[in-house]
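Taking it in order: structure first as structure tokens, then the write-up.
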2 protein chains.
Amino acid sequence: MARRSQTETAVLGALSMHPMTAYALREAIRDVLGHFWSESFGQIYPTLGALEQQGHVERREGPRSGSSTFAITDSGTARLRELLSEPIAATPPRSGLLLRLFFGRTLGVRKCRELLLEARADAERSLAEYDRLARTISAEEAGSPDLPYVLTTISAGRHNAEAAIAWADEALALLEDVPGDDPPADGPPANGDS
Amino acid sequence: MARRSQTETAVLGALSMHPMTAYALREAIRDVLGHFWSESFGQIYPTLGALEQQGHVERREGPRSGSSTFAITDSGTARLRELLSEPIAATPPRSGLLLRLFFGRTLGVRKCRELLLEARADAERSLAEYDRLARTISAEEAGSPDLPYVLTTISAGRHNAEAAIAWADEALALLEDVPGDDPPADGPPANGDS
DNA sequence: TCCATCATGTAATCCGTTACATGATTAG
DNA sequence: CTAATCATGTAACGGATTACATGATGGA
């Protein structure tokens, strides 16, 4: 069971929408699934090769000489359905931001505030991006059977971004009354080098 | 630079609160940082060893024969400050749930609804847990300089859980009018086995 | 002609999980 | 005495990123 983990799922899924070259696949995963998924370059080719050997995808003439277009086969669609039905493998959480805030006493309040403001700004930007995306896709893909599903994933991004903004504000308030003793420079005190 | 990635940060951070054995460290990371961080077992011992060699932690007599308690040293605290100040390494997103919903046409509406209901229930449970946690810690650690920082991380969990609930409801509404053609069983149609 | 983009792949390496292997202490 | 918990480590494996290596095509 060469369960290439969930890479297989992402690749088959992307190809289930329309056939494309490995290169285009990579861009589709980055640009279309990018908000909630990522695949590294070096995974895509080997996975495609394995899927081809298993008969789940078919290699055809590509747009350039030496290039190939991959299309999902019936067995590939069945395999995808199977993979999507598997229980979700829980990704262990790893938030560098929360790790820093948790040890904020050591980091210093000032830097914590900076991190929070940055996070807030990032979230604000994502929020705008999700709104734009939702409008674009709703128009472009109007009537597509995929549309409602795609919209649920965009909605997830929107809600997360909104939550991040509200959280950042609350967290900034929580740190409001913390004494500004913070810049505990890494050497002895009263040393303004950095 | 054997940058044991961010494991080093988590280990030094945990030891910055109080000295403990490697075993206790593991439990602290699981139970205390667990909402936003995880370290696998096999990372902790080697990392502690490396930190000891660099003089960032000190090994002392442990509570049992053959066991050791580790304490952070001054250089360790400086190192922690350094690590915490580094730019946050963005973790590539990987949401198995959103991956499944995105390809929901293939998975089938029914299973998508089930996934959403599950996710909603999970979030509801976390929410209660975060509330309980916030109350417990506020009482237990009242007056601790770490308290406000810890509360910001709990607040993050709360907001995320709330967002997940609101999102699940919205997503369920989005899938409301999708025709229930869904169970595209992996064989021929008109087969009510499951 | 030359650069950006399209295109395909391999290899080295790192990070992290899991399984394995062992033993001391304490509570029931 | 015996099971649960505390305690420490190593080894094997698998998954993922990154760097390396190469080349075609088309537009400026």
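Letters A, B, ... mirror the listed sequences (proteins, then strands); counts begin at 1.
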Could you please name the option among D/dT8, C/dG16, D/dA16 that lies closest to any side-chain atom of A/Ser5? D/dA16
Salt-bridge present (B/Glu39, A/Arg94; N to O < 4.0 Å): yes
Distance in angstrom units between A/Asp31 CG and C/dC6 C1', rounded: 14 Å
Rounded to whole Å, how long is the line connecting atom CZ of B/Arg59 with atom C1' of D/dG9? 10 Å
Per B/Tyr23 side chain, nearest of listed nucleotides D/dA16, D/dT5, D/dG9: D/dT5
Would you name the heavy atoms of B/Leu48 and B/Ala22 that are closest together and state the gap between them? CD1-CB, 3.6 Å
Residues A/Arg60 and A/Thr69: side-chain donor-acceptor under 3.5 angstrom: no
Letter by letter from the 5' end, nucleotides 23-28 of chain D scores (B base, S sugar-phosphate only, - none; protein heavy atoms under 4.0 Å) -SS---
To the nearest angstrom, the CZ-P distance between A/Phe41 and C/dT10 comes to 11 Å
Could you say whether B/Thr21 or A/Glu39 is positioned toward the 5' end of DNA chain D, judged by the nucleotide with the nearest heavy atom to each? B/Thr21
Please walk me through it: do B/Arg59 and B/Ser68 pass side-chain hydrogen bond (donor to acceptor under 3.5 Å, both in side chains)? CA-CA 6 Å; B/Arg59 185 189 294 254; B/Ser68 331; 3.1 Å; yes
Using a distance-only test with no angle check, is there a side-chain donor-acceptor pair under 3.5 angstrom linking B/Thr47 and B/Glu8? no
Side chains of A/Glu58 and A/Thr73: donor-acceptor distance under 3.5 Å anywhere? no
Just the rounded figure in Å: distance from P of D/dT10 to CG of B/Leu48. 12 Å
Figure out the CZ/C1' separation between B/Arg30 and D/dT5, and round it to whole Å. 12 Å
When you get a sec, tell me which of C/dA7, D/dC6, D/dT17 is the closest nucleotide to the side chain of A/Tyr45? C/dA7
What is the distance from CD of A/Glu61 to P of C/dT8, rounded to the nearest Å? 12 Å
Classify A/Arg94 by what it touches in the nucleic acid, base, sugar-phosphate, or nothing, heavy-atom distance under 4.0 Å. sugar-phosphate
Among the nucleotides D/dT17, C/dT17, D/dA16, whichever has the atom closest to the side chain of B/Pro92 is D/dT17
Using OP1 and OP2 only, check whether a side-chain N or O of B/Ser40 sits under 4.0 Å from C/dT17. yes
d(CD1, A/Ile44; P, C/dT10) in whole Å: 14 Å
Please give, in whole Å, the distance from D/dT17 P to A/Gln6 CD? 13 Å
